[in-house]
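To start, the structure itself, in structure tokens.
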Amino acid sequence: MAEILGMEVDEEGYLLKVSDWSIEIANVMSEEDGIELSTEHWEVINFLQSYYKEYEFAPAVRVLTKAIAKKLGNDKGNSRYLYSLFPYGPAKQGCRFAGLPKPTGCV
Amino acid sequence: MSLISIFFTLFFYFSVLIFITGLSYKVVQYWNTPAPLKIPIAPAPLTKSGVFLRLAKEVFLFATLFKSSKWTWLFGWSFHLALVLLFFRHLVYFWPGEIPLILLKTEPLKYAAYPLIFGLIGLLGRRIFVDRVRYISAPSDYLMLLLIILIGASGMLMTFANNHPNMLLVKNFAEGLITFQWSELPKEAIFLAHIFPVFFLIAIFPISKLLHGPGIFFAPTLNQVDDARKKRHISNWAMQKEKNTKIDLDHNQDKGS
Amino acid sequence: MSINSIEKFPTYLAIPPLKKDSMAGNGPFKASIEIQKDLGFPGEKVDNWQQVAINKIAETKSKYRSVQVFLDSCMKCGVCTDKCHYYLGTADPKNMPVARQDLFRSVYRRHFTFAGKYFPKLVGAKDFDEDMLDDWYNYFHQCSQCRRCAVFCPIGIDTAEISMAAREIMNAIGVGQKYPNQILGKINKIGNNLGMPEPALRDTLADLEEEIEEETGASVKLPLDIKNSEVLMVTPSADFFAEPHIDGLIGYAKVFHQSGVSWTLSSYASEAANFGMFIGNYDVMRQGALRIRKAALDLNVKRVVVGECGHAWRVAYSFWNTLTGLGSGGSDEYSLKLQNQLDSNYPQPQHMIEFTYDLIQRDKLSFDKSKNDHRVVTFHDSCNVARGSNMGDIENGQFILPREVIKAACNNFSDMHKSTIKSATFCCGGGGGLLTDDLIDLRIKGAKPRMHALKRSEQDNGVNTLAAICAICKSQFSKVLPNYDFDPYMIVSVHQLVSDAIILTKDSET
């Protein structure tokens with residue numbers, strides 16, 4: 001099993017345990033993907049985590065965009081903007097950086 | 001009777017025996033194997049008569065093959081049609097006793113040998129020259145085509161190049177096979193080269209890809225009516241599974257596995 | 001890139017020459033022990049796997065006539081060889097439908113036929129050894145079970161049946177694919193592929209209601225678990241989560257709102273998709289279908305309607321009646337109970353497209369089509385709908401109804417080339433359990449035929465919107481469209497087009 005900073009991840013690079021997450025891990029993951037985490041990235045990651053804490057599930061992309069619109073302004077509350085932050089998809093890449101399990105299904 | 005006549009006589013019965021038992025076995029097997037789900041393929045008919053029409057179009061016209069590949073259709077259809085015509089042409093030899101008038105008028109059907117050979121050479125050429133078809137071909141695929149070409153070519157050489165064997169011997173031999181009054185066959189090599197592959201193909205029919213003949217009638221994709229919403233379609237084994245696991249209506253669950 | 005500088009693509013791809021082993025590899029991620037055990041499969045590859053596999057082949061071909069007949073009857077005519085999008089996109093000969101089947105057939109011949117036992121070389125029979133199993137795993141996971149080859153097979157051989165059987169046999173020896181099997185575990189535990197729990201679903205739906213009201217001023221509801229509703233709506237869970245799917249869900253809600261028919265979603269059966277079909281397992285597929293039957297009974301609904309999901313509609317339309325008695329004509333206890341409860345004036349189940357189409361026919365919906373005037377729309381026939389189902393109980397209804405719904409909501413519609421639509425439609429490249437990131441290379445290549453036809457439509461008719469009625473198609477297109485120089489946002493749900501143009505009645509007006 002692969003590890004990031006000593007924490008186990010699955011074959012797709014998602015942390016096995018949500019509790020293993022740390023800021024450093026997010027930084028290592030994003031570096032590997034060639035992304036420098038900006039304030040906007042962290043807004044998304046923080047929202048994903050707080051939503052997950054409440055619902056044990058990642059928010060729908062629509063829910064996420066609306067939350068980001070409230071925080072960062074309407075021009076940034078759309079999926080195009082989120083994709084520019086997370087080119088592999090805000091749900092999948094975002095969840096990985098945030099230490100959440102990968103959303104599965106027809107998504 | 002000469003040894004060679006005995007050999008071919010026995011070979012014929014051996015082949016026919018394998019053909020009948022083998023084919024019956026396969027047809028019964030297909031018949032008894034359930035199709036547990038409705039899987040008709042589009043464009044799927046919504047009625048029984050639609051299914052009948054669909055199968056008729058496939059069997060007589062090779063309608064799907066026409067849609068898929070015009071050349072393969074041309075080769076395949078002309079070969080199969082010629083095969084049927086030549087079968088009727090040959091009935092006269094085997095007919096015991098007085099021959100019906102219609103069979104005496106089948107002489108012109110001999111020209112079906114031309115489209116037969118044309119189709120076969122086309123199919124063989126496709127197998128050799130199209131890289132995709134070459135890739136999927138096993139030795140037996142070539143061999144079968146070559147055997148039928150051999151049948152057609154030897155037949156044509158006898159018929160059209162004046163190499164007729166003694167036709168009385170042919171008639172007596174063929175009729176004898178049906179009436180169990182065996183007699184000598186003509187011993188010309190070309191005649192033997194004609195009937196050997198025929199008997200051989202009859203024998204391997206139920207153990208080879210020639211099963212596509214009966215197979216098409218049993219393909220659920222083609223023979224099912226597209227009416228799953230209106231009529232419950234369920235196989236015996238699935239029904240058994242439902243019955244063995246007593247449905248618990250109060251708790252709305254199937255018990256057991 | 002301007003239109004003029006784009007090279008003209010042929011309508012039909014050139015058929016590539018064979019590139020042997022171009023897609024050789026280890027296949028997608030394998031399922032873990034826990035995932036396999038959840039579904040009742042062995043956790044790891046069993047020691048005597050060959051024997052177990054041979055026994056399972058014997059069992060499968062004795063239970064499925066399709067498998068037995070298709071293994072016997074192929075005459076290797078080769079007309080299917082250029083019909084598979086994965087072959088056209090990858091040129092790997094093992095992606096030719098007949099060659100894919102031959103992976104199975106060669107083993108069948110070796111172990112079950114006279115010719116294969118005694119003359120294996122002659123008839124291409126092969127032992128089921130490790131190499132063969134690797135090929136099985138790799139190449140039976142490069143088949144989206146789209147059944148395009150079956151449309152062109154002169155004797156009706158359906159590679160999907162062989163591919164499903166092969167996956168069933170691999171699962172029986174403990175070799176399963178992570179993506180579908182993990183998802184099937186979630187559906188059995190939580191009720192949907194996503195693993196989305198009820199509170200998250202409820203919150204998402206409330207959020208959407210708010211959004212619709214803000215945008216339109218109409219209080220359109222997305223009810224959850226409301227007993228005694230007229231309609232139970234079963235839709236792919238991607239509709240609750242992903243883009244562009246969610247706009248389709250909003251479309252259904254608006255149509256229900258206008259129809260005045262009460263409806264509800266179910267948190268217990270919050271998934272229409274049924275990956276049990278992809279792995280060819282009757283019991284797993286039935287389990288998924290039984291959840292929906294239970295929801296229909298518990299919620300005491302009169303009708304069951306299915307949302308935009310390709311294989312779900314095939315399972316619902318073609319298999320639900322068989323699996324659960326949801327439909328008509330059954331005589332067992334359960335079927336009868338359902339038939340008493342469900343309204344026999346409507347087909348059960350019904351597709352959302354059928355529901356909307358029916359309202360349009362009866363003039364119950366009005367549209368401002370100009371809302372979609374910025375679009376030139378084309379329709380992608382999803383394979384499982386196109387080749388494995390029907391709509392409206394009229395011949396070819398599954399092609400007619402979605403197009404009529406689009407045309408009711410849009411002024412500009414243009415079909416792609418006729419060799420690439422309807423029963424000959426090309427798969428999006430992500431169906432059949434392949435919509436996973438570990439197969440992204442295959443997915444991009446497999447989309448090529450569809451993308452070429454779309455490119456042609458873009459050039460000739462200015463098509464800028466691709467509408468579909470399948471969650472997998474929508475996700476797959478969003479992902480691969482940029483690889484072919486398209487805007488990923490051009491893919492929409494058919495009911496998004498409906499949603500954008502439908503004229504809503506405000507509460508004050510009713």
Side-chain angles (χ1 to χ4, degrees), chain A residues 1-2 8-14 16-18 29 32-33 44 47-70 74 77-97 100-107, chain C residues 29-30 32 178-180 182-183 185-187 190 192-205 207-208 210-211 236-247 249-250 271 273 275 309-312 430-431 435-438 440 470-476 478-479 482 488-489:
Chain A
M1 199 60 78
E8 279 188 333
V9 294
D10 68 7
E11 57 265 76
E12 297 173 80
Y14 290 80
L16 290 190
K17 279 191 239 130
V18 179
M29 285 178 172
E32 279 172 5
D33 285 10
V44 174
F47 179 75
L48 289 174
Q49 288 178 331
S50 67
Y51 190 94
Y52 189 87
K53 204 171 270 175
E54 186 171 352
Y55 293 105
E56 289 179 350
F57 192 72
V61 178
R62 187 62 54 95
V63 175
L64 175 64
T65 51
K66 281 203 289 194
I68 294 304
K70 274 186 195 146
N74 276 334
N78 59 65
S79 114
R80 271 179 211 265
Y81 176 74
L82 290 177
Y83 265 91
S84 72
L85 291 179
F86 299 96
Y88 289 100
K92 286 182 182 170
Q93 207 175 16
C95 281
R96 190 155 58 83
F97 293 175
L100 311 180
K102 181 183 175 181
T104 55
C106 305
V107 296
Chain C
F29 293 137
K30 294 207 168 99
S32 66
K178 179 183 174 187
Y179 173 71
Q182 181 181 41
I183 282 170
K186 288 188 185 179
I187 203 173
I190 302 170
N192 57 60
N193 286 2
L194 289 165
M196 187 184 219
E198 190 258 350
L201 176 57
R202 195 171 291 280
D203 174 75
T204 306
L205 296 176
D207 223 66
L208 291 177
E210 211 174 278
E211 176 184 330
S237 59
D239 283 357
F240 307 129
F241 186 81
E243 307 281 339
H245 311 60
I246 210 159
D247 283 305
L249 175 67
I250 292 173
E271 182 62 71
F275 283 18
C309 177
H311 79 282
L435 189 80
T436 175
D437 294 338
D438 39 328
I440 191 66
C470 168
I472 289 178
C473 294
K474 292 170 201 170
S475 293
Q476 158 75 353
S478 304
K479 191 87 188 171
Y489 293 89

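Per chain, numbering begins at 1; letters A, B, ... match sequence-line order. Note that these values count all heavy atoms, side chains included, but never hydrogens, waters or copies made by symmetry. Just so it is clear, the model here is predicted, and its values are computed rather than measured.
With Ser475(C) contributing its side chain and Cys106(A) its backbone, the two residues share a donor-acceptor pair below 3.5 Å.
The two atoms that bring Thr204(C) and Ala60(A) nearest to each other are CG2-CB, 3.9 Å, heavy atoms only. When all heavy atoms are compared, the tightest approach of Gly105(A) to Asn193(C) is CA-CB, 3.8 Å.
A centroid separation of less than 6.0 Å is found between the aromatic rings of Phe241(C) and Phe57(A).
There is a side-chain donor-acceptor pair under 3.5 Å between Asp203(C) and Tyr51(A).
With sequence neighbours excluded, no residue forms a side-chain hydrogen bond (donor to acceptor under 3.5 Å, both in side chains) with Tyr52(A). Under the salt bridge (Lys or Arg N to Asp or Glu O under 4.0 Å) criterion, Asp207(C) pairs with Lys66(A), sequence neighbours left out. Evaluation of the salt bridge (Lys or Arg N to Asp or Glu O under 4.0 Å) rule for Asp247(C) yields Arg62(A) as partners, not counting sequence neighbours.
Using a 4.5 Å heavy-atom threshold, the side chains of Lys102(A) and Asp437(C) count as touching. Val107(A) is listed as a side-chain neighbour of Leu194(C), based on a closest heavy-atom distance under 4.5 Å.
The greatest number of non-hydrogen atom pairs below 4.5 Å with chain A, out of Ser237(C), Pro236(C), Gly195(C), Ala242(C), is found for Gly195(C). When each of Tyr179(C), Phe275(C), Phe29(C) is scored by its heavy-atom pairs under 4.5 Å with chain A, the top score falls to Phe29(C). Top candidate by heavy-atom pairs under 4.5 Å with chain A, chosen from Asp438(C), Thr436(C), Ile246(C), is Ile246(C).
At a 4.5 Å heavy-atom cutoff, the contact between Pro59(A) and chain C is made by backbone atoms alone. At a 4.5 Å heavy-atom cutoff, Ile190(C) makes no contact with chain A through either its backbone or its side chain. Using a 4.5 Å cut-off between heavy atoms, Pro199(C) touches chain A through backbone and side chain atoms alike. Of the two parts of Glu211(C), the backbone and the side chain both hold a non-hydrogen atom closer than 4.5 Å to a non-hydrogen atom of chain A. Contact annotation for Lys479(C): only side-chain heavy atoms (C-beta onward) come within less than 4.5 Å of a heavy atom of chain A.
For a heavy-atom cut-off of 4.5 Å, chain C lies close to Ser79(A), Arg80(A), Tyr83(A) in residues 79-87 of chain A.
The distance from atom CD of Gln182(C) to atom OG1 of Thr104(A), rounded to the nearest 0.5 Å, is 5.5 Å.
No more than 12 heavy-atom neighbours from other residues, nucleotides or ligands sit within 6.0 angstrom of OH on Tyr88(A).
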